[in-house]
Asks: 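Got a structure for you, written out below as structure tokens; questions coming shortly.
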Amino acid sequence: QVQLVESGGGLVQAGGSLRLSCAASGRTFSTYPMGWFRQAPGKERESVASINSSGDRTYYADSVKGRFTISRDNAKNTVYLQMNSLEPEDTAVYSCAAKSPRTGAPLYWGQGTQVTVSS
């Protein structure tokens with residue numbers, strides 16, 4: 001069992017930055033690949049970034065490459081998403097997930113945090 005709680009969302013102007021945090025409970029946190037997802041109103045949920053268990057491999061959606069950075073601190077049971085040069089199109093509810101080490105499918109979800117980018 002893994003419990004995840006996101007924080008750091010809010011309202012920001014275009015071009016600004018936010019840093020999201022995902023705090024996890026459970027002593028097996030370091031076993032799981034982690035990911036950040038987002039869902040905007042009327043759109044499908046999409047993966048924006050992923051990171052492997054050790055934190056040395058990452059994936060980014062094309063739409064956020066060069067602007068977002070995912071990282072993790074296994075000693076603190078926390079995953080981060082640094083978001084720079086934010087655009088109105090980034091407005092969404094952002095959720096973190098712990099993924100299956102075998103398949104990569106999300107197994108546990110946080111409650112989500114709202115990010116709103118104004119123009």
Side-chain angles (χ1 to χ4, degrees):
Q1 263 289 336
V2 176
Q3 289 79 46
L4 306 170
V5 180
E6 302 96 334
S7 62
L11 175 63
V12 65
Q13 290 185 324
S17 299
L18 284 173
R19 185 177 179 86
L20 306 183
S21 298
C22 175
S25 63
R27 283 187 280 182
T28 59
F29 170 76
S30 62
T31 302
Y32 294 94
M34 298 291 294
W36 285 96
F37 298 77
R38 68 185 182 187
Q39 186 167 25
K43 296 185 177 181
E44 297 291 326
R45 192 197 313 272
E46 63 174 335
S47 173
V48 299
S50 299
I51 189 166
N52 68 343
S53 299
S54 60
D56 58 1
R57 298 188 69 181
T58 58
Y59 159 85
Y60 299 96
D62 288 342
S63 59
V64 307
K65 283 181 180 177
R67 300 189 297 120
F68 290 11
T69 303
I70 188 172
S71 61
R72 68 190 296 160
D73 187 340
N74 286 343
K76 296 182 178 179
N77 279 15
T78 303
V79 178
Y80 305 95
L81 185 68
Q82 178 67 47
M83 305 185 294
N84 299 327
S85 301
L86 283 163
E87 304 167 353
E89 293 74 20
D90 297 317
T91 295
V93 174
Y94 285 72
S95 302
C96 67
K99 299 180 173 185
S100 167
R102 183 177 67 87
T103 69
L107 296 176
Y108 307 101
W109 292 90
Q111 84 287 350
T113 185
Q114 176 71 46
V115 172
T116 302
V117 184
S118 62
S119 60

Asks: Measure across Ser50 and Ile70 and return the closest heavy-atom pair with its distance rounded to 0.1 Å.
Replies: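 In terms of heavy atoms, the two residues are closest at O-CG2, 3.6 Å.
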
Asks: Counting only N and O atoms by type, is there a donor-acceptor contact under 3.5 Å from the side chain of Gln82 to the main-chain atoms of Arg19?
Replies: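 Looks like no, no N/O pair under 3.5 Å.
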
Asks: Mind listing the closest non-hydrogen atom pair of Tyr94 and Leu20 along with its distance?
Replies: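 Minimum heavy-atom contact is CB-CD1, 3.6 Å.
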
Asks: Shortest non-hydrogen contact from Trp109 to Arg45?
Replies: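 That closest heavy-atom pairing would be CH2-CD, 3.5 Å.
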
Asks: Taking atom OG of Ser71 and atom CG of Leu81, what is their separation to the nearest 0.5 Å?
Replies: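 Nearest 0.5 Å value for the OG-CG distance: 8.5 Å.
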
Asks: Between Leu18 and Val93, is there shared hydrophobic-cluster membership here, with clusters defined by ILVMFWY side-chain heavy atoms closer than 4.5 Å?
Replies: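 Leu18 does not cluster with Val93.
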
Asks: Do the side chain of Gln111 and the main chain of Glu6 share a donor and acceptor less than 3.5 angstrom apart?
Replies: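 The answer is yes, because a donor-acceptor pair under 3.5 Å joins these two groups.
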
Asks: Can you measure from NZ (Lys76) to OG (Ser21) and round to the nearest 0.5 angstrom?
Replies: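 Reported to 0.5 Å precision, the distance equals 9.5 Å.
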
Asks: Indicate the atoms forming the closest heavy-atom contact of Tyr60 with Thr69, along with that distance.
Replies: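 Looking at all heavy atoms of both residues, the closest pair is OH-CA, 3.4 Å.
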
Asks: Would you say the side chain of Met83 lies within less than 4.5 Å of the side chain of Val115, judging by non-hydrogen atoms?
Replies: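 In contact.
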
Asks: OG1/Thr78 to CG/Leu4 distance, rounded to the nearest 0.5 angstrom?
Replies: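 These two atoms lie 10.5 Å from each other.
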
Asks: Show your working on side chain to side chain contact (heavy atoms under 4.5 Å, CB included) between Asn52 and Tyr59 and close with a plain yes or no.
Replies: CA-CA 9 Å; Asn52 68 343; Tyr59 159 85; over 6 Å; no

Asks: Distance from Asn77 atom CG to Cys22 atom SG, nearest 0.5 Å?
Replies: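 That separation rounds to 10.0 Å.
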
Asks: Tell me, with the steps shown, if Ser25 and Gln3 meet side-chain hydrogen bond (donor to acceptor under 3.5 Å, both in side chains).
Replies: CA-CA 5 Å; Ser25 63; Gln3 289 79 46; 2.6 Å; yes

Asks: What is the distance from atom CZ of Arg38 to atom OG1 of Thr91, rounded to the nearest 0.5 Å?
Replies: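 Rounded to the nearest 0.5 Å, the CZ-OG1 separation comes out at 9.0 Å.
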
Asks: Same hydrophobic cluster for Ile51 and Phe37, using side-chain heavy-atom links shorter than 4.5 Å among ILVMFWY?
Replies: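 The answer is no; the residues belong to distinct hydrophobic clusters.
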
Asks: Do Trp36 and Tyr80 sit in the same hydrophobic cluster, where Ile, Leu, Val, Met, Phe, Trp and Tyr count as joined when their side-chain heavy atoms come under 4.5 Å apart?
Replies: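 No: no chain of side-chain contacts under 4.5 Å links Trp36 to Tyr80.
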
Asks: Are Cys96 and Val79 close enough, and set up right, to give a side chain to side chain contact (heavy atoms under 4.5 Å, CB included), and what steps lead you there?
Replies: CA-CA 8 Å; Cys96 67; Val79 178; 5.8 Å; no

Asks: Given 3.5 Å as the limit, does a donor-acceptor pair link the side chain of Arg67 with the main chain of Ser85, or not?
Replies: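 Such a contact is found between Arg67 side chain and Ser85 backbone.
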
Asks: Of all the heavy-atom pairs spanning Ser53 and Pro33, show the shortest one and how long it is.
Replies: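 Reported closest heavy-atom pair: OG-N, 3.5 Å.
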
Asks: Short question: side chain of Ser100, backbone of Thr103 - any donor-acceptor pair under 3.5 Å?
Replies: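 It does hold such a pair.
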
Asks: Restricting to non-hydrogen atoms, name the atom on Asp62 and the atom on Lys65 that form the minimum distance, rounded to 0.1 Å.
Replies: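 Closest approach of Asp62 to Lys65, heavy atoms only: OD1-NZ, 3.1 Å.
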
Asks: Going from CZ on Phe68 to CG on Leu86, what distance comes out if it is rounded to the nearest 0.5 angstrom?
Replies: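 So the CZ of Phe68 and the CG of Leu86 are separated by 5.0 Å.
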
